[in-house]
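See below for the structure under consideration.
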Amino acid sequence: MKHRRSIELQPPAGYAIETERQALATLPQWFVMHARCRACRHQTPIERRDVIRRCGDTLSLATLARRLTCRGCGNRSGNLLLLEKLPRD
Ligand SMILES: [Zn+2]
């Protein structure tokens, strides 16, 4: 049995993400983040590298979610941080 990569961590069962404990640095690479506005339902992808450059990679996902500002209507409360799991390979 061959391993293509020697270091490969298995994702947790069910892919439950604990946003309070999960930080940008620890979020697996195969998750893509999206922000959705609660007020106008505007949705936009979030570039992880951009956020890390501005806020650092120790920012928790929960904190990031609270900082989201909608580019459509300017709403800043109750916005959702969505995680999309990309197919691997
Ligand atoms: Zn909005």
Side-chain angles (χ1 to χ4, degrees):
M1 182 172 167
K2 288 183 179 177
H3 294 274
R4 282 177 300 135
R5 294 178 191 144
S6 57
I7 302 172
E8 185 164 6
L9 300 173
Q10 290 298 315
Y15 303 108
I17 295 294
E18 297 178 70
T19 58
E20 290 290 346
R21 291 173 55 188
Q22 196 76 250
L24 289 167
T26 57
L27 183 70
Q29 290 294 328
W30 55 88
F31 281 101
V32 171
M33 296 184 292
H34 299 264
R36 182 190 289 165
C37 175
R38 193 178 63 170
C40 74
R41 300 197 173 274
H42 178 82
Q43 188 171 323
T44 187
I46 299 175
E47 271 294 332
R48 184 193 304 226
R49 279 171 299 177
D50 288 350
V51 179
I52 290 175
R53 195 167 58 230
R54 279 186 294 174
C55 307
D57 63 3
T58 58
L59 190 72
S60 78
L61 299 184
T63 304
L64 173 62
R66 284 192 288 268
R67 289 188 185 184
L68 295 173
T69 301
C70 177
R71 289 178 188 158
C73 72
N75 175 53
R76 295 177 64 177
S77 71
N79 293 333
L80 294 169
L81 182 66
L82 307 172
L83 297 170
E84 177 191 1
K85 188 171 74 69
L86 295 178
R88 303 168 67 192
D89 297 326

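As the structure lists them, so they are numbered: ligands from 1, and atoms in each ligand from 1. Worth saying up front: this structure is predicted, and the values here are computed from it rather than measured.
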Would you be so kind as to tabulate the donor-acceptor pairs closer than 3.5 Å made by side chains of residues 57-68, with sequence neighbours excluded?
from	atom 1	to	atom 2	distance (Å)
Ser60	OG	Thr63	N	3.1
Ser60	OG	Thr63	OG1	2.9

Side chains of residues 33-40: which donor-acceptor pairs under 3.5 Å do they make with residues two or more places apart or in other chains?
from	atom 1	to	atom 2	distance (Å)
His34	NE2	Glu84	OE1	2.8
Arg36	NE	Gln43	OE1	3.0
Arg36	NH2	Gln43	OE1	3.2

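For Arg53, the side-chain hydrogen bond (donor to acceptor under 3.5 Å, both in side chains) criterion is met by Asp50, not counting sequence neighbours.
At a threshold of 4.5 Å between side-chain heavy atoms, the hydrophobic network of Ile, Leu, Val, Met, Phe, Trp and Tyr places Trp30 and Leu24 in one connected group.
Asn75 contributes atom CG, which lies 11.5 Å from atom NE2 of His42 (distance to the nearest 0.5 angstrom). Atom CZ in Arg54 sits 11.5 Å away from atom CD1 in Ile52 (nearest 0.5 Å).
Of all protein atoms, those of element N, O or S that lie under 2.8 Å from the Zn ion (ligand 1) number 4.
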